[in-house]
Amino acid sequence: MPSPQPDPGLRFVALVSLGGGLGGVARYGLSLVVPGAWGLFLINVVGSFLIGVLMGTVPRPLVRAFFGVGVLGGFTTFSSYAASWSWALVATPVCAVVAAILGLRVSR
């Protein structure tokens, strides 16, 4: 009798959770090196670029879940920059979208 396969939904949740924790730690480390609005801007633009590259190069759903939703989702922090008014409130979303498009184009 073959052993039952684990639920794919459980693997997805586990990979996203693990990746999110790693991405959050990476974000915290980078925010220590580059604090304030510039740090948030850099985190979000670099993360968006990497998401674009990932979507253009990785066809496997679980790998995308771990790196895209998990690691890079935990790394980027769009909610933090919106908490206070600054130039980053306007510049970050625009630059992040451009970075994601460039990442996708570079990877294809």
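Please read these numbers as outputs of a predicted model, since none were measured by experiment.
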Can you give the donor-acceptor pairs under 3.5 Å from side chains of residues 13-24 to other protein atoms, not counting sequence neighbours?
from  : atom 1 : to    : atom 2 : distance (Å)
Ser17 : OG     : Val13 : O      : 2.8

Quiz item: Could you state the interatomic distance from CZ (Arg27) to CG (Leu40), rounded to the nearest 0.5 Å?
Solution: 8.5 Å
Quiz prompt | Residues forming a side-chain contact (heavy atoms from CB on, under 4.5 Å) with Val63, sequence neighbours excluded | solution = Val58, Arg60, Phe67
Self-check item: ILVMFWY cluster membership beyond Val94 - transitive side-chain contacts under 4.5 angstrom
Solution: none
Quiz item: Can you list the residues that meet the side-chain contact (heavy atoms from CB on, under 4.5 Å) rule with Ala100, with sequence neighbours excluded?
Solution: Ser48
Self-check item: Contacts of Val34 that satisfy side-chain contact (heavy atoms from CB on, under 4.5 Å) - sequence neighbours left out
Solution: Leu30, Trp38, Leu42
Exercise. Write down the atom of Thr57, the atom of Ser107, and the distance for their closest heavy-atom approach.
Key: CG2-CB, 3.2 Å
Practice problem: Could you tell me the separation between the CD1 atom of Ile43 and the OG1 atom of Thr76, rounded to the nearest 0.5 Å? | Solution: 9.0 Å
Exercise. Please identify each residue that fulfils side-chain contact (heavy atoms from CB on, under 4.5 Å) with Val45, with sequence neighbours left out.
Key: Phe41, Cys95, Ala99
Practice problem: Give the cluster check for Val53 versus Val97: same hydrophobic cluster or not, with ILVMFWY residues linked at side-chain heavy-atom distances below 4.5 Å. | Solution: no
Practice problem: Go through the steps for Val69 and Arg64 under the test side chain to side chain contact (heavy atoms under 4.5 Å, CB included), then give the verdict. | Solution: CA-CA 7 Å; Val69 180; Arg64 280 185 174 188; over 6 Å; no
Quiz item: With a cutoff of under 4.5 Å between side-chain heavy atoms, which Ile, Leu, Val, Met, Phe, Trp and Tyr residues group with Leu32?
Solution: Tyr28
Quiz item: When rounded to the nearest 0.5 angstrom, what is the spacing between CZ in Phe49 and CG in Leu104?
Solution: 10.0 Å
Quiz item: Is Val33 reachable from Val25 through a run of I, L, V, M, F, W or Y residues, each pair having side-chain heavy atoms under 4.5 Å apart?
Solution: no
Quiz prompt | Side-chain (Asn44) to main-chain (Ala96) donor-acceptor, under 3.5 angstrom | solution = no
Quiz item: Do the side chains of Leu50 and Leu54 get nearer than 4.5 Å, heavy atoms only?
Solution: no
